[in-house]
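Here the structure is laid out as structure tokens; the discussion comes afterwards.
Note that the numbering runs from 1 along the sequence shown for the chain. Any value given below was found using the heavy atoms of this structure, including those in side chains, with hydrogens, waters and symmetry copies removed. Whatever order the structure lists them in is the order used to number ligands and atoms, beginning at 1.
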Amino acid sequence: MKILLVNGSPRKKNTFNILKTIQEDFNLKQYETEIITLSDYVIKSCVGCYKCVLDGKEKCPLKDDVDNIWRKFLEADGIVLSAPVYALGVPGTFKNFIDRVAYNAHRPLMYNKPTIIVSTTAGMGTEKVIEQLKWFEISGLKIIGAKGFMIYPIGEATPKIADSNAKSLKMLIKKLEHEMAKEKEKKPTLLQIIQFYGLKLNCNFGKDVYKADYEYFQHKQYHKEIKINPVKELFGKILYKIGTAALRSSVNLEKRT
Ligand SMILES: Cc1cc2nc3c(=O)[nH]c(=O)nc-3n(C[C@H](O)[C@H](O)[C@H](O)COP(=O)(O)O)c2cc1C
């Protein structure tokens with residue numbers, strides 16, 4: 001099993017050291033691991049052209065490493081996301097990366113991939129970083145644990161903090177290990193089903209506008225390979241039908257479903 005550890009700091013210090021600790025633990029248990037530092041890659045800023053959302057990611061005018069990094073996400077069995085607090089948010093490189101893969105919120109290719117988040121700070125703000133990184137849930141990651149670590153003075157953990165950090169980290173590692181060991185396909189929650197049908201509904205605004213979404217959803221049932229609770233699915237489908245009817249009457253859509 002493969003774990004991808006993503007360092008969102010432009011340097012290899014506090015946050016990276018935590019990733020190294022996690023990596024060593026998993027390496028001892030014979031997992032395959034890889035740490036990537038986002039700032040080692042070329043990640044251009046989104047230009048807001050909407051091509052990826054509307055026409056498909058291959059229409060993005062920016063040529064850089066984003067697709068290669070995203071492939072690593074797709075191939076991993078478990079993920080560790082990390083970032084230090086920069087002005088009460090994630091560092092710019094990480095935000096650029098999120099903006100560039102944001103189209104995955106419309107057409108998620110992953111499903112419940114076990115993920116943990118770690119963040120470091122000199123004082124405050126890890127909850128804001130964690131909140132931002134939870135965006136990845138909509139792209140199919142399952143965030144099963146998150147922890148902020150205060151590392152003070154900057155770059156140097158005091159023995160007391162280091163001790164409690166080590167305990168928290170062990171618990172987080174256990175959680176990830178436990179989740180990855182579970183049978184692969186976990187049933188979707190009602191919220192996930194509603195989200196799916198909500199996205200499917202969105203592309204009915206017009207296949208000429210949301211071309212890529214329309215293409216993706218026309219032949220797609222909710223993660224077809226996974227057995228889901230029929231009551232939940234019925235609920236999702238009813239919402240979808242009601243929503244489609246409401247849309248048709250409000251914007252006079254052609255019948256497309
Ligand atoms: C540009 C910048 C902005 C920062 N902003 C904050 C902040 O808002 N709050 C805070 O407590 N620490 C802040 N810090 C401190 C870092 O979050 C902290 O030192 C972190 O552990 C650095 O992680 P790294 O060694 O992985 O880069 C900032 C550091 C930098 C370089």
Side-chain angles (χ1 to χ4, degrees), residues 2-28 31-47 64-66 68-70 72-73 76 78-102 113-137 139 141 143-177:
K2 189 168 179 179
I3 301 179
L4 175 70
L5 303 98
V6 182
N7 176 25
S9 171
R11 62 180 196 166
K12 292 172 182 145
K13 210 162 178 194
N14 299 346
T15 315
F16 185 79
N17 286 343
I18 291 182
L19 291 188
K20 281 299 263 183
T21 309
I22 300 174
Q23 182 182 42
E24 278 158 22
D25 192 295
F26 278 108
N27 282 351
L28 284 174
Y31 284 78
E32 197 186 326
T33 61
E34 181 184 8
I35 299 184
I36 58 165
T37 295
L38 290 178
S39 59
D40 287 345
Y41 294 82
V42 181
I43 301 170
K44 295 183 183 165
S45 303
C46 173
V47 291
D64 56 14
D65 296 327
V66 168
N68 288 339
I69 302 171
W70 195 243
K72 290 177 189 290
F73 275 71
I79 292 179
V80 182
L81 299 173
S82 78
V85 176
Y86 268 23
L88 300 183
V90 294
T93 319
F94 213 146
K95 184 58 170 63
N96 275 349
F97 180 70
I98 293 173
D99 294 346
R100 291 290 305 288
V101 296
K113 191 166 290 198
T115 300
I116 56 171
I117 298 174
V118 291
S119 173
T120 69
T121 179
M124 61 176 86
T126 53
E127 72 291 344
K128 295 196 190 293
V129 165
I130 290 166
E131 202 49 45
Q132 170 79 78
L133 294 181
K134 280 188 179 167
W135 172 84
F136 283 93
E137 278 185 329
S139 73
L141 303 192
I143 314 285
I144 46 150
K147 175 82 189 149
F149 296 92
M150 180 147 117
I151 302 189
Y152 185 82
I154 293 176
E156 221 47 68
T158 64
K160 194 165 168 248
I161 291 170
D163 192 39
S164 69
N165 276 352
K167 275 190 196 137
S168 309
L169 204 52
K170 274 213 153 43
M171 276 167 62
L172 214 50
I173 290 169
K174 263 211 169 108
K175 264 189 169 175
L176 182 58
E177 203 184 342

Heavy-atom side-chain contact between [X] and [Y] under 4.5 Å:
X	Y	value
Tyr41	Asp64	no
Leu141	Trp135	no
Phe94	Gln132	no
Phe136	Thr115	no

Have a look at [options] and point out the one with the heavy atom closest to [atom].
atom	options	answer
atom 6 (C) of ligand 1	Asn17, Leu19, Val85	Val85
atom 26 (O) of ligand 1	Thr121, Thr15, Thr120	Thr15
atom 15 (C) of ligand 1	Ala122, Pro10, Ser119, Gly125	Ala122

Point to revise | side chain to side chain contact (heavy atoms under 4.5 Å, CB included) partners of Thr21, counting only residues at least two apart | key: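 Thr21 satisfies side chain to side chain contact (heavy atoms under 4.5 Å, CB included) with Leu169 once adjacent residues are dropped.
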
Is there a polar contact between ligand 1 and [X], counting only N or O atoms under 3.5 Å apart?
X	value
Pro84	no
Ala87	yes
Asn14	yes

Point to revise | Lys44 NZ: over 12 foreign heavy atoms closer than 6.0 Å | key: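 Count over threshold, so yes.
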
Review point. Is there a heavy atom of Ile151 sitting under 4.0 angstrom from any atom of ligand 1?
Key: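 Contact check Ile151 vs ligand 1: negative.
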
Exercise for review: Please identify which atoms of ligand 1 are closer than 4.0 Å to at least one heavy atom of Gly123.
Suggested key: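 What qualifies from ligand 1 is 10 (C), 11 (O).
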
Exercise for review: Pull out every atom of ligand 1 sitting under 4.0 Å from any heavy atom of Ser9, numbered as shown with elements.
Suggested key: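 In order of numbering, the contacting atoms are 24 (P), 26 (O), 27 (O).
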
Let me check something: any side-chain donor-acceptor pairs from residues 116-126 under 3.5 Å, sequence neighbours excluded? List them with distances.
{"from": "Ser119", "atom 1": "OG", "to": "Ala83", "atom 2": "O", "distance (Å)": "2.9"}
{"from": "Thr120", "atom 1": "OG1", "to": "Thr15", "atom 2": "OG1", "distance (Å)": "3.0"}
{"from": "Thr121", "atom 1": "OG1", "to": "Gly123", "atom 2": "N", "distance (Å)": "2.9"}
{"from": "Thr121", "atom 1": "OG1", "to": "Met124", "atom 2": "N", "distance (Å)": "3.0"}
{"from": "Thr121", "atom 1": "OG1", "to": "Met124", "atom 2": "O", "distance (Å)": "2.8"}

